[in-house]
Every structure is written in C-alpha cells, then in structure tokens.
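Worksheet: the structure to be examined is printed underneath.
In listed order, ligands and their atoms are each counted from 1.
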Amino acid sequence: MIKTTRRAALSVLAGAGMLASSAMPGFAADMTFTLATAGSETDQRSVAMAQVFAPMVSGFADYQPGYNGSMFAQGTELEAISRGNLTMSIASAQELAQFFPEFSIFATGYVHQDAAHQVRVFNDPLMDPFKKTVEDELGVKLLSVMYLGRRHVNLRQTREELDVQQPSDLAGVNLRMPGTDAWQFLGKALGAAPTPMAFTEVYTALSTGAVDGQDNPLPTVVDAKFYEVTKQIALTSHLVDLNYIAFSKEVWDGLTADQQMTVQRAADAAAAWGRLKQLDKENSLADFIRSNGVEIYTPDLEAFRTHVQSQYVGSEFAASWPEGVLEKINALGN
Ligand code: KDO
C-alpha cells in the first residue's frame, strides 16, 4: 500500500502527465499487483492478463503473476486477497460460494448459455448485491467476467469400454472435480462419483489411474495436455464456466480515481480479449484432440440437462439463491 502523501503527489504528477512509463529505463513503478492462478502461463486467461492488463496499468503498477498455484494454492486465493497478502486472482463462482452460498447459482449446471450470456448477467443490476456483498464482507472487488468455456466429461476409458449417453452411464465413475462443495455437487448431479483434487494434480492422477476422468473445456484439455492421458470426451456442456477478475478492495481504495478507471478498463479489455481467444480455441481444437487418439462425441444432452437441473431443485444450494434471480438470469438468455 502506498502512503497518502506519496499517493497525493503521484496523482498530481499523473494529472499533469508527468509520470514516466514503466517501459522507460530506470522507471520504478509505485506498486506491484500480484496475481495468483492455478492456470498455466499459456492459459488464455493468463495470457490476457499478461499481454493486455499488465501493459495498461504499467504507468503506475508492476504486474507479478504466479502460475500453476505457485503463489497460492487453488482455492486459497480469495482469502489471501482478503488478508492483504495478494492483489488479484482469477476467481471462480464456486470459490465465492464457499463464503457466500448464493454464488452457487452462477456455478450451477446448464444455467449460463454461452459467453455473451455470462457478460449480460455480470453487467446486469442483478449482480449488484452479489458484488457488494463480496466487497463489503471479503474486501474483494469483482472487476470483470472471464470466459473459461464449456465443460465436458473427459475420461480415461475408451468409448468401447464406456459409452456415455446419459447420467446413469457415469454411475461409479471416479470423476475429478475441483475441491469445493459446489463443484462436488455438480459432479454428483452429472451422475458420477466426484473426487476433489487440485487442478495441478490432475494430469498425474489421470496418468496413474487414480481417477477415471476430469471435466474441463477443450482449451484446458489441450493446455494441460489431458489428451495425452485420456481416451474420450463426451460433450456434455454441463457448465458454461466463468471466472471473475478479483481485485483487492484495500489496494483499490488506495488508487487515484484515474488509476481506478485504468485498472477497470484494463480488466475489461483483458477479459474481452481472452474471451475471443478462448472461443476461437474452443471452436478449433477438436481435430487436434481427435488426432491424438481421443474420441469426441455428443451424448443425449436433454437427458443430462434434465437430470442435472432436477438435482438442484430443492437442494441446499437452490435454497440460498435470492428470490427471482434465476428467472432474471434466464430472461437474459437467448
Ligand atoms: C479446474 O480446477 O478444473 C478449473 O478449471 C476450475 C476453474 O475455476 C479454474 O480455477 C481453473 O481450473 C484453473 O484456472 C486452471 O485452468
């Protein structure tokens, strides 16, 4: 955190256009924005932050990312921001649901329809009370929504060994899901036997057979090389998954109004850039994955949708959703 006097001086300099760019030799940025993610350096969300966000804030802040859970383990980032040990993370709705159960609505199977729907939901006034709660109670600002993609079921078994057409075909399948209640519930709702595990352990678990499979979008299957250790992908599209660019409220409050505007615009620009990249990848990677011996096919989507949705009805998760919000989300769909 910068001291008030220094901040005041900086804001005067910035206003007068006298601040040097960090691209200039000898320039030392006033502060450092750290970002922790379980994703790799080549994950499109990481690339977006490094190539779009970082240069836009470089006039006043250095950017220091920690990939593959190296800075904070997956699932501990929000607490780290809250305690003042981290500036930013690429946070999931499932992680937020650990603190605020109502966030499980954004982590529920077959609720978001596509990337554009996610953006409409995030920018709609329906999100205001959600954002305010996270800000007031956790000290975290949700700046923008990032697109992760359509999650599918990716298994070690060949399709000959296990043909996944409907949820009952997943009975007894040891499916790795990330380690929070909302994720585990989704795994069960799909019909599988979910196992919690950090993302960074999944490749090894798949290669040794410690789990039968995992669920993630196609770009992640390629980025994490899961296609090397699996044999099939059933295109269940059970979750059009998102992440929020989460930012420390304490750091935010120490920024000038101009700096806040720059950070907000940088986050929006990174999210938009990453979304397009991720959509491109999602649409073009199936051939590459198939050429590596992984069968890709579409199961009975109606059977999956009906089953998953029926599991949420009357669940403890649905009980935490504020009245009318699901209807508003649905109304923002296509
Ligand atoms: C995962 O653990 O499967 C997941 O896809 C969950 C997401 O919320 C996100 O954290 C992601 O991992 C990591 O960024 C790695 O891609």
Query raised in the report: Do ligand 1 and E95 have nitrogen or oxygen atoms that lie under 3.5 Å from each other?
Result: no
**Report entry** Side chain proximity check, E282 to R150, heavy atoms < 4.5 angstrom
**Finding:** yes
**Report entry** For R151, atoms of ligand 1 separated by under 4.0 Å from a heavy atom
**Finding:** 1 (C), 3 (O), 4 (C), 5 (O), 6 (C)
Query - Contact atoms of ligand 1, heavy-atom distance to D43 under 4.0 Å - result: 16 (O)
Report task. Measure the shortest side-chain to side-chain distance between L242 and Y147 over non-hydrogen atoms and say whether it is less than 4.5 angstrom. Result -> no
Query raised in the report: Can you tell me the protein heavy atom closest to atom 3 (O) of ligand 1 and the distance?
Result: R176 NH1, 2.7 Å
Query raised in the report: Y227 and F288: aromatic ring centres closer than 6.0 Å?
Result: yes
Query raised in the report: Is there side-chain contact between T37 and S89, with heavy atoms separated by less than 4.5 Å?
Result: no
Report summary line: Short version for V202: what comes under 4.0 Å of ligand 1, heavy atoms counted, is neither
Query raised in the report: Between Q264 and D268, does any side-chain donor sit less than 3.5 Å from a side-chain acceptor?
Result: yes
Report task. Could you check atom 5 (O) of ligand 1 against the protein and tell me its nearest heavy-atom contact, residue, atom and distance included? Result -> N216 OD1, 2.7 Å
Requested in this report: Could you tell me whether E302 and R305 have a side-chain N and a carboxylate O separated by less than 4.0 Å?
Outcome: yes
Query raised in the report: Judging by distance only, is a nitrogen or oxygen of D241 under 3.5 angstrom from one on ligand 1?
Result: no
Requested in this report: Could you list the atoms of ligand 1 found under 4.0 angstrom from a heavy atom of G39?
Outcome: 13 (C), 14 (O), 15 (C)
Query raised in the report: Under 4.0 Å between a Lys/Arg side-chain N and an Asp/Glu carboxylate O for D215 and R151?
Result: yes
Report task. Show which atoms of ligand 1 fall inside a sub-4.0 Å distance from at least one heavy-atom site of L148. Result -> 5 (O), 7 (C)
Query raised in the report: Do D253 and K249 meet the salt-bridge criterion of a basic N to acidic O distance under 4.0 Å?
Result: yes
Requested in this report: Starting from atom 13 (C) of ligand 1, locate the nearest protein heavy atom and write down its residue, its atom name and how far away it is, to 0.1 Å.
Outcome: R45 NH2, 3.7 Å
**Report entry** ligand 1 to Q74 polar contact by distance, N or O atoms, under 3.5 Å
**Finding:** yes
